[in-house]
Chemist: 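If you scroll down you'll find the structure; I have some questions about it.
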Amino acid sequence: MAAPERFGVAALSVCESLILALKERGVLDDAEIRGLLEDVRSAHRNAAADGDERDLHDSVADIADEIMNGRTPVRLLRKPGRGSAGPSP
């Protein structure tokens, strides 16, 4: 895995752990986590529309969609019985 990919995976893992910790402590609920991911998606769709690094921003927005729809290994919004290693929403 190339260095930028390793950094990206590490950053996603750190963010996931932070969000899960905030959820476990009652700081964020499922709706707030979904809103956070929707903000990420929207910001990157807008950046892609501006034309600067379009492929990168489209990819980030797609990843946010995948997380929200449970199609990634990220545990943030995983439902029970879908392979969740973390707490269920």
Side-chain angles (χ1 to χ4, degrees):
M1 183 181 299
E5 291 170 350
R6 290 193 311 263
F7 290 126
V9 171
L12 180 60
S13 295
V14 168
C15 289
E16 178 186 13
S17 293
L18 287 170
I19 291 170
L20 285 171
L22 292 170
K23 180 180 176 178
E24 289 171 0
R25 286 160 183 77
V27 176
L28 294 176
D29 62 21
D30 291 339
E32 291 167 318
I33 293 170
R34 182 165 290 281
L36 177 100
L37 292 167
E38 289 170 352
D39 288 348
V40 168
R41 178 188 57 203
S42 184
H44 284 277
R45 289 283 182 233
N46 290 338
D50 290 340
D52 188 37
E53 298 187 82
R54 179 181 300 259
D55 290 341
L56 172 67
H57 292 294
D58 278 336
S59 293
V60 172
D62 290 344
I63 290 169
D65 278 333
E66 289 176 12
I67 293 169
M68 286 188 290
N69 294 314
R71 294 188 307 256
T72 66
V74 176
R75 301 173 292 162
L76 296 175
L77 298 172
R78 206 40 71 99
K79 300 290 183 208
R82 293 177 71 185
S84 174
S88 60

Chemist: Any chance you could measure Glu66, atom CD, to Met68, atom CE, to the nearest 0.5 Å?
Modeler: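 Spacing of CD (Glu66) from CE (Met68) equals 10.5 Å.
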
Chemist: Restricting to salt bridge (Lys or Arg N to Asp or Glu O under 4.0 Å), what partner residues turn up for Arg45, sequence neighbours left out?
Modeler: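 For Arg45, the residues satisfying salt bridge (Lys or Arg N to Asp or Glu O under 4.0 Å) (neighbours in sequence not counted) are Asp58, Asp62, Asp65.
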
Chemist: Once you round to the nearest 0.5 Å, how far does CG of Leu12 lie from OG of Ser17?
Modeler: 9.5 Å

Chemist: What distance separates Glu24 CD from Ile19 CD1, expressed to the nearest 0.5 Å?
Modeler: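 Nearest 0.5 Å value for the CD-CD1 distance: 12.5 Å.
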
Chemist: With sequence neighbours left out, what residues match Ile63 under side-chain contact (heavy atoms from CB on, under 4.5 Å)?
Modeler: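 side-chain contact (heavy atoms from CB on, under 4.5 Å) check on Ile63 returns Ile67.
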
Chemist: To the nearest 0.5 angstrom, please state how far the CD atom of Glu32 sits from the CG atom of Asp39.
Modeler: 11.5 Å

Chemist: Does Asn46 reach the side chain of His57, with side-chain heavy atoms less than 4.5 Å apart?
Modeler: no

Chemist: Which residues satisfy the side-chain contact (heavy atoms from CB on, under 4.5 Å) test with Ala10, sequence neighbours excluded?
Modeler: none

Chemist: What's the spacing between Ile33 CD1 and Glu38 CD if we round to 0.5 Å?
Modeler: 12.0 Å

Chemist: If two hydrophobic side chains count as joined below 4.5 Å and joins carry through other members, does Val27 share a cluster with Leu18?
Modeler: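 The answer is no; the residues belong to distinct hydrophobic clusters.
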
Chemist: Where is the tightest heavy-atom contact between Leu37 and Ala64, given as atom of each residue plus distance?
Modeler: O-CB, 3.8 Å

